[in-house]
Amino acid sequence: MKTEPDAFSITDLKNSPKKTASWEGVRNYQARNFMRDEMKKGDLVLIYHSSCKNIGVAGIAEVVRESHPDLTALDKNSPYFDPKATEDEPRWYMVDVRWIETFKEVISLAELKEEKKLENMTVVKKGSRLSITPVSLVEFNHIKKMAAKA
DNA sequence: GCCAACGTTGGC
DNA sequence: GCCAACGTTGGC
């Protein structure tokens, strides 16, 4: 899961009540579908910091609540307001994630790109804008191993 | 249903 | 701040 640390970093997640936050504000159908259809309670998640000084994987979180409506879409005062969302058809969904681990150092995008095992990872590919992308078990374990070395 | 125009993302 | 790569919108 990508996030801009200036807006919401892995530290913000750690400092949230119960170290848990709803992943609100996703307004892209593919990303929404991943949350709505694929992400299950107990699934582990890599937290990726984008559009910042220190780009890369910052740590690990866990899905603690499966898909439920993202009601910020109904809130006119929210930056995530969507006039097409209604109570009956909320249109946007989110999961809740809980902080598990912050890596000692962010594993940079440049480092990720150097790893042969990660060459098919969506996030290292050019022009990858999707804010939520699947990670294979092999990729996940490999990144965890890289983190342990840091 | 096509596709051009436009808006957004995100690395550099 | 630039720009490439996408996603979305809306006219036809």
Side-chain angles (χ1 to χ4, degrees), chain A residues 1-16 20-39 43-63 66-136 138-147 149-150:
Chain A
M1 287 176 134
K2 285 185 194 170
T3 182
E4 297 188 16
D6 294 338
F8 190 80
S9 70
I10 193 161
T11 306
D12 293 325
L13 178 62
K14 187 183 179 183
N15 292 336
S16 298
T20 299
S22 294
W23 209 256
E24 62 186 32
V26 171
R27 295 293 178 267
N28 168 285
Y29 289 105
Q30 259 184 288
R32 178 203 68 183
N33 292 349
F34 281 129
M35 288 199 287
R36 192 190 57 190
D37 306 332
E38 308 288 339
M39 298 178 74
D43 283 355
L44 296 178
V45 173
L46 296 171
I47 301 296
Y48 178 93
H49 283 174
S50 68
S51 294
C52 60
K53 205 169 175 190
N54 207 356
I55 298 164
V57 180
I60 299 173
E62 173 190 11
V63 177
E66 289 175 19
S67 166
H68 54 104
D70 180 350
L71 298 179
T72 61
L74 302 177
D75 178 2
K76 277 206 165 134
N77 296 317
S78 168
Y80 306 126
F81 176 68
D82 178 356
K84 289 177 183 163
T86 66
E87 255 178 77
D88 288 341
E89 290 286 336
R91 193 149 120 136
W92 301 112
Y93 293 83
M94 60 190 177
V95 298
D96 293 2
V97 297
R98 186 200 299 145
W99 176 88
I100 291 200
E101 172 182 356
T102 300
F103 296 156
K104 277 189 190 131
E105 292 173 43
V106 170
I107 302 174
S108 72
L109 179 58
E111 289 175 273
L112 297 177
K113 282 179 172 169
E114 283 171 14
E115 299 294 319
K116 192 92 175 85
K117 277 188 184 166
L118 304 179
E119 65 185 357
N120 288 321
M121 232 181 118
T122 317
V123 91
V124 309
K125 288 182 183 165
K126 195 181 168 191
S128 163
R129 303 189 325 174
L130 202 53
S131 65
I132 300 178
T133 54
V135 178
S136 76
V138 169
E139 289 159 354
F140 186 90
N141 287 336
H142 191 68
I143 286 173
K144 237 191 135 176
K145 221 191 299 175
M146 292 171 73
K149 269 191 276 180

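Sequence lines set the chain letters: A, B, ... in the order given, protein chains first and strands last, and positions in each chain run from 1. We use all heavy atoms of the structure for the numbers below, so side chains are in, but hydrogens, waters and symmetry mates are not.
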Note to self: Could you check, using the six-membered ring where one of them is a Trp, whether A:Phe81 and A:Trp92 have ring centers closer than 6.0 angstrom?
What the structure shows: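 Not close enough - the centres of the two rings lie 6.0 Å or further apart.
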- Message: Between A:Arg27 and A:Asp82, does any NZ, NE, NH1 or NH2 come within less than 4.0 Å of an OD or OE carboxylate oxygen?
- Response: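 No, A:Asp82 and A:Arg27 are not salt-bridged.
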| Thinking salt bridges, do A:Asp70 and A:Arg32 make one under a 4.0 Å N-O criterion? |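 Salt bridge: no.
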### Closest contact, heavy atoms only, A:Ile143 versus A:Phe103
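Where A:Ile143 meets A:Phe103 most closely, the heavy atoms are CG2-CE1, 4.2 Å.
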Measure [atom1]/[X] against [atom2]/[N] and give the value in whole Å, please.
X: A:Lys113; N: B:dG10; atom1: NZ; atom2: P; value: 13 Å
X: A:Glu4; N: B:dG11; atom1: CD; atom2: C1'; value: 12 Å
X: A:Arg32; N: C:dG7; atom1: CZ; atom2: P; value: 15 Å
X: A:Ile132; N: B:dG10; atom1: CD1; atom2: P; value: 11 Å
X: A:Asp82; N: B:dG7; atom1: CG; atom2: P; value: 17 Å
X: A:Lys126; N: C:dA5; atom1: NZ; atom2: C1'; value: 8 Å
X: A:Leu130; N: C:dA4; atom1: CG; atom2: P; value: 22 Å
X: A:Met1; N: B:dG10; atom1: CE; atom2: P; value: 13 Å

Q. Nearest to the side chain of A:Arg129, which nucleotide is it out of C:dT8, B:dG11, C:dG7?
A.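 The listed nucleotide nearest to A:Arg129's side chain is C:dG7.
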- Look at the side chain of A:Lys84 and decide which nucleotide, out of C:dT9, B:dG11, B:dG7, has an atom nearest to it.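 In terms of side-chain proximity for A:Lys84, the closest of C:dT9, B:dG11, B:dG7 is C:dT9.
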If only side-chain N and O atoms of A:Lys2 are considered, is one of them under 4.0 Å from the OP1 or OP2 phosphate oxygen of B:dT9?
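Negative; the distance criterion is not met.
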- Please determine if a side-chain N or O atom of A:Tyr48 lies less than 4.0 Å away from the OP1 or OP2 oxygen of B:dG11.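 True: A:Tyr48 side-chain N/O within range (under 4.0 Å) of B:dG11 OP1/OP2.
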